[in-house]
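Single-structure report; data block below.
As the structure lists them, so they are numbered: ligands from 1, and atoms in each ligand from 1. Because the structure is a prediction, the values reported are computed rather than measured.
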Amino acid sequence: MKNETYIKVKPGYKLSGFCFLFNSAFITFQFFTSLVFPTFTFHKKSMRRILVVLLITNASTALAQDFSFGRRMVDTLTTPYFWGRGYTNDGMKKAADFLADQFKSYGLEPMNGKSYLQPFSYPVNTFPGKMEVTINDKDLVPGKDFIVSPETKGVKASGDLDKLDSIQFINRKEMVVIKMQDKLTWDISPEVATYSLILVDKKALNKAPQSFKVNIDNKLVKNFKAANICGLVKGTVKPDSVIFITAHYDHLGGMGADTYFPGANDNASGVSLLLNLAHYYGQHPQKYSIAFICFAGEEAGLIGSKYFTENPLLPLKNIRFLTNTDLAGTGEEGITVVNASEFPKEFAMMNAVNDEKKLLVKINPRGKAANSDHYFFTEKGVPSFFFYTLGGIKAYHDVFDKAATLPLNEHEHLFKLIVGFNEKLMGSTTSL
Ligand SMILES: [Zn+2]
C-alpha cells in the first residue's frame, strides 16, 4: 500500500488548469462508469484501481475553505477500493494508510513523534468469500434482500424449513435459521456461533420460507490488526493544553466477495469533517495544540478509543476538551450533543457560537451515552462532547448508507461551529 503511487499525491492548494481538466474528465468518467457498472460491483481490478486514483487525486485538490472538499472525501472513502473500511480486502488498512498520508500532507505531526498509527488488535468474524442464499427457489441479493447475522457460521447446505414462529424458520439438522425482518441492520461480532442465522427483508419474499439453499464462507480472525490514526498541530502559546477532534473511520466492511457497506454517513462524513479541520489547523496553528484521532474498531465496540484511553499518547489531563463526531452527513434538523448536561458551560459556549454565526437550526442537549468514541474519555474524566446530525436520510448500517444519497448539507456550518467553539475554549478572539 505504501508503495502505491496515488497516496503520494500531495494536496494542491491552488487549482491548476490541469486539475480542472482532470476534474471534468473525472466527472465524465464517473458518469460513464455509473452507466456501465452496477452499484457496488466492480469486477475488473484495474478499473477499480483507476477509479480510486481518480477519486483520490480529485480529493487532493481541495482548498482549506473549499467545502466541496468534504464531499470529495466522502466519495473517496466510500469507493470499493476501501471496501467499507472493514475486515476484508484490506479495507481498513488501506483507509488507515490513506488517512495517515492525508495527515502528513496537511503538516500534522505524529502524536507520539514517530508514527501516525497506533496499532492494536481484536477478534472478528469475517465474510471474505461465498455469500449465496436461495429461499423458495428465489436467489436473494446480499445486503439488499438479506444479511447474515454477524456471528454466523459458514455453511453449505440445502433443505426444508420448519416454522418456529411467525418470523423464524429453521432447519435443525443444518442449524440454519431464517428470520424475517422489516429493516436489515448489520453489525460486527468477535466470535462465531454454532448456527447460521440469515436475516431476510420481508419485502424480498411473497410467501413464508419453506426451502433453502445456502453457500456462505466465514473466517474468524483472532487477531485482526487495526490502528488509530493520531496527529497533532503544536500550539504556539500553550502547547501542553490540547483540544481533541475525533471521528471513527472504520465501518462494517464487506459481506461476501461482492458486497460492501460504504458507510457514507457512518462515518465517512465525520472523518471528512475532521480532515477538513485538520487541513485548516495545519495551516493555522492555534494557541493550544489541536490533536486529531481517526479511531478504528468503533463498530466492533469502541475498541480503538478504549485502547487509546488505556494507552494515551499524551497525558489525558492535558486535554482541555474533546469533540467527537459520528454521523455528520445530514443536519437539516440540527444536531444532538451528548454530554451537554455534563458540561453546561461548554454547551452554552457552543450555542453562543451557533447563535452568533447563525449556523444550525437547532442544537439538542443530551446527557451521557455510551454510543460513540467520546465515551471512554468521559469515563476517564476528560471533558467531551459527541455530536451527531439530525434529519435527512435514515440509512444506517446497511448498503444504502452511500455517498450518492448523503446530503452533507451542514458540513460547512459544522466546520465553522467547531472552529468557533475551539476559539472560545482557548479564549481567542479571532474569528473565521
Ligand atoms: Zn459510527
Side-chain angles (χ1 to χ4, degrees), residues 70 73-74 76-78 82-87 91-92 95-96 98-99 120 122 124 143 147 150 183-190 224 226-229 244-255 260-277 292-309 322-331 335-339 366 368-378 384-403 405-408 410-411 414 418:
M73 277 298 165
V74 170
T76 298
L77 289 165
T78 53
F82 293 110
W83 207 247
R85 306 178 304 283
Y87 301 92
M92 206 189 300
F98 172 72
L99 293 169
F120 57 96
Y122 52 96
V124 61
I147 55 175
K183 152 90 173 77
L184 302 178
T185 303
W186 211 37
D187 218 329
I188 303 291
S189 170
F224 180 80
N228 296 326
I229 316 303
F244 268 59
I245 296 164
T246 66
H248 78 85
Y249 71 95
D250 66 297
H251 190 53
L252 303 171
M255 192 189 80
Y260 77 100
F261 291 69
N265 197 19
D266 188 6
N267 186 26
S269 64
V271 170
S272 78
L273 183 59
L274 179 150
L275 290 175
N276 212 351
L277 288 158
F292 301 87
I293 309 177
C294 297
F295 290 118
E298 194 270 354
E299 305 287 12
L302 313 180
I303 293 172
S305 49
K306 184 167 192 282
Y307 185 84
F308 186 93
T309 59
L322 179 148
T323 301
N324 177 61
T325 186
D326 187 357
L327 307 174
T330 69
I335 60 172
T336 289
V337 175
V338 168
N339 277 350
R366 192 174 159 184
K368 269 188 168 185
N371 51 359
S372 193
D373 289 314
H374 63 291
Y375 178 69
F376 288 105
F377 287 90
T378 311
S384 62
F385 282 157
F386 157 43
F387 74 82
Y388 52 93
T389 52
L390 303 170
I393 56 147
K394 296 280 179 277
Y396 175 73
H397 280 215
D398 55 39
V399 293
F400 307 107
D401 181 10
K402 51 189 180 179
T405 46
L406 188 70
L408 219 67
E410 294 295 344
H411 183 88
L414 292 168
I418 297 174

Handout entry: Aromatic plane relationship, Tyr122 with Phe120 - under 30° parallel, 30 to 60° tilted, over 60° perpendicular
Key = parallel

Exercise for the section: Fit a plane to each ring of Phe98 and Phe82, take the angle between them on a 0 to 90° scale, and name the class: parallel (under 30°), tilted (30 to 60°) or perpendicular (over 60°). Expected result: tilted

Exercise for the section: Specify whether Phe244 and Phe377 have parallel, tilted or perpendicular ring planes, treating 30° as the upper limit for parallel and 60° as the lower limit for perpendicular. Expected result: tilted

Handout entry: Pair His411-Asn276, side-chain hydrogen bond (donor to acceptor under 3.5 Å, both in side chains): steps then yes or no
Key = CA-CA 9 Å; His411 183 88; Asn276 212 351; 3.0 Å; yes

Practice task
Could you tell me whether any N, O or S atom belonging to His251 is less than 2.8 Å from the Zn ion (ligand 1)?
Solution key: no

Problem - Non-hydrogen side-chain atoms of Asp266 and His248 separated by less than 4.5 Å - result: yes

Practice task
For the Zn ion (ligand 1), decide whether Glu298 has an N, O or S atom at a distance under 2.8 Å.
Solution key: no

Handout entry: Angular separation of OD1 (Asp326) and NE2 (His248) seen from the Zn ion (ligand 1), to 10°
Key = 90°

Practice task
Identify, by name, the N, O or S atom of Asp266 lying closest to the Zn ion (ligand 1).
Solution key: OD1

Handout entry: the Zn ion (ligand 1) reached by Glu299 (N, O or S, under 2.8 Å)
Key = no

